[in-house]
2 protein chains.
Amino acid sequence: MNIGEASKASGVSAKMIRHYESIGLLRPPARGSNDYRLYAERDLHELRFIARARALGFSMKEIGELLSLWRNRRRASAQVRAIAGTHLKALEQRIAMMESVRATLSELVRCCHGDDRPDCPILDDLTLQR
Amino acid sequence: MNIGEASKASGVSAKMIRHYESIGLLRPPARGSNDYRLYAERDLHELRFIARARALGFSMKEIGELLSLWRNRRRASAQVRAIAGTHLKALEQRIAMMESVRATLSELVRCCHGDDRPDCPILDDLTLQR
DNA sequence: CTTGACCTTGCCATCATGGGAAGGTGTAGC
DNA sequence: GCTACACCTTCCCATGATGGCAAGGTCAAG
């Protein structure tokens, strides 16, 4: 199938498919006589893999590593778990940080009467009057 | 004071100070006879404002708007509240999405024995066998 | 043949931050 | 006065993932 069909079937935009190929994440597919890319079922599996991994927030680098492991029948699940574990930990840290920010913001918004008056606890907080 | 001192006093890198000036977020400061930038106390307040707003995750665009409001003694706190409220809502959505991803990942990592064997629920999930 | 969808490659942009290059300035120490 | 080092200037490029647009070619239905 052509790139547009592969895009629809995988949820990855044609643009990104080409991009992933350009950065080596995907192998260049077969080409037709018209130079159009031709994707096979196996290619589709990889595209779906990438789409799912992206959805889980893995970076392209991580996805590349995961793909290599997926392609390698002799992989050890420990390697996969290590990548996922690292990613999970980073994610948890980001969530915690954002949660902290949310709490601060939430409090500031709550304290702001939001009317015509110029006094504003949000701006005060940002200004950190010293 | 020079940019290095302003950087230390505000927590904003010299690079970013120049950058903020280049994008119009900060007004060009006075210059010495040697063409060095000279920052006054007022400039420092603005830098600290930006640093704090960045820490709260506001975008440069939002910070520009907040700075304008801060500079305007006639502002209405409602305007500030609106910006902060929008930002808070977006933040909450991002947190929720990341939390969902975290739960999925956490479960996958938990189910993975992480040993020498090749079978791996993480890769299986990514592959979405159909 | 025409038209519109699809395909190709290439260049640029987004957003916030930062590295490095090339060249100038200031000051302490010798 | 010279040297060395820290600091300053502007400029160009990069990051990471995604996407717009341009220019030109291909395909197939009407």
Side-chain angles (χ1 to χ4, degrees), chain A residues 1-26 28-40 43 46-47 49-67 83 86-87 90-91 94 97-98 101, chain B residues 1-26 28-40 43 46-47 49-67 83 86-87 90-91 94 97-98 101:
Chain A
M1 71 179 79
N2 289 345
I3 195 168
E5 291 158 301
S7 172
K8 283 202 199 64
S10 65
V12 180
S13 71
K15 267 281 190 183
M16 292 319 300
I17 295 178
R18 292 193 197 95
H19 174 61
Y20 295 154
E21 183 189 316
S22 73
I23 63 175
L25 192 63
L26 288 175
R31 298 271 185 149
S33 56
N34 55 9
D35 212 24
Y36 285 10
R37 292 172 173 79
L38 297 175
Y39 292 92
D43 300 314
E46 298 204 351
L47 283 174
F49 184 104
I50 293 171
R52 178 63 176 154
R54 287 301 301 126
L56 291 179
F58 287 102
S59 68
M60 306 310 295
K61 182 172 179 299
E62 284 168 328
I63 294 174
E65 290 165 356
L66 290 170
L67 261 178
I83 295 173
T86 299
H87 176 53
L91 183 59
R94 266 201 327 277
M97 190 224 65
M98 289 167 78
V101 170
Chain B
M1 69 179 80
N2 288 345
I3 196 168
E5 291 158 300
S7 171
K8 285 204 197 61
S10 65
V12 181
S13 72
K15 270 277 188 183
M16 291 319 300
I17 296 178
R18 292 192 197 96
H19 174 62
Y20 294 154
E21 182 190 317
S22 74
I23 62 175
L25 193 63
L26 288 174
R31 297 269 187 152
S33 56
N34 56 8
D35 212 26
Y36 284 13
R37 293 173 171 79
L38 299 175
Y39 293 92
D43 299 315
E46 298 204 351
L47 283 173
F49 185 103
I50 293 172
R52 178 64 176 154
R54 287 300 301 126
L56 291 180
F58 286 101
S59 68
M60 305 311 294
K61 182 172 178 300
E62 285 168 329
I63 294 175
E65 289 163 355
L66 289 171
L67 261 177
I83 294 172
T86 299
H87 176 52
L91 183 59
R94 265 200 331 272
M97 189 225 66
M98 289 167 76
V101 170

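Lettering follows sequence order; numbering is per chain, from 1.
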For the base of D:dG25, is there a side-chain donor-acceptor partner from A:Tyr36 under 3.5 Å away?
yes
In whole angstroms, how far is the C1' atom of D:dT26 from the CG atom of A:Asn2?
10 Å
Could you state the atom-to-atom distance from CD1 of A:Ile3 to P of D:dG19 in whole Å?
13 Å
Most 5' of B:Ser33 and B:Arg54 on DNA chain C, judged by nearest nucleotide
B:Arg54
Under 4.0 angstrom, heavy atoms only, what part of the nucleic acid is B:Met60 near: base, sugar-phosphate, or nothing?
sugar-phosphate
Under 4.0 Å from OP1 or OP2 of C:dC7: is there any side-chain N or O of A:Arg37 that close?
no
On the nucleotide D:dT18, are OP1 or OP2 found under 4.0 Å from the side-chain N or O atoms that A:Arg18 carries?
no
If only side-chain N and O atoms of B:Tyr20 are considered, is one of them under 4.0 Å from the OP1 or OP2 phosphate oxygen of C:dT17?
yes
How long is the gap from CG on A:Leu25 to CD1 on A:Ile63, to the nearest 0.5 Å?
6.5 Å
Short question: side chain of B:Asn2, backbone of B:Gly4 - any donor-acceptor pair under 3.5 Å?
no
Please report, rounded to the nearest Å, how far the P atom of C:dC6 is from the CG atom of A:Leu38.
16 Å
Euclidean distance, atom OH of residue B:Tyr39 to atom P of D:dC7 [Å, nearest integer]
16 Å
From the set D:dC8, C:dT17, D:dT18, return the single nucleotide nearest to any side-chain atom of A:His19.
D:dT18
To the nearest Å, how far apart are A:Glu5 CD and C:dA5 P?
16 Å
On DNA chain D, does the nearest nucleotide to A:Asn34 precede the nearest nucleotide to A:Ser59 from the 5' side, or the other way round? Give the residue.
A:Ser59
Which whole-number value in Å describes the distance from B:Ile17 CD1 to C:dG18 C1'?
14 Å
Give me the atom names and distance for the closest heavy-atom approach of B:Ala6 to B:Leu47.
CB-CD1, 4.1 Å
Whole-Å distance separating the CD1 atom of A:Ile23 from the P atom of D:dA14:
16 Å
Using only heavy-atom distances, decide whether a donor-acceptor pair under 3.5 angstrom links the side-chain of B:Lys15 to the base of C:dG19.
yes
Using the side-chain heavy atoms of B:Met16, tell me which of these nucleotides is nearest: C:dC7, C:dG18, D:dT9.
C:dG18
Find out whether B:Met16 and B:Arg54 are in side-chain contact, i.e. whether some heavy atom of one side chain is under 4.5 Å from a heavy atom of the other.
no
C:dG18 OP1/OP2 closer than 4.0 Å to side-chain N/O of B:Ser13:
yes
Under-4.0 Å side-chain N/O to phosphate OP1/OP2 contact, A:Arg31 with C:dT9:
yes
What is the separation between atom CD on A:Glu21 and atom P on D:dA17, rounded to the nearest whole Å?
18 Å
Side chain of A:His87, backbone of A:Glu62: donor and acceptor closer than 3.5 Å?
no
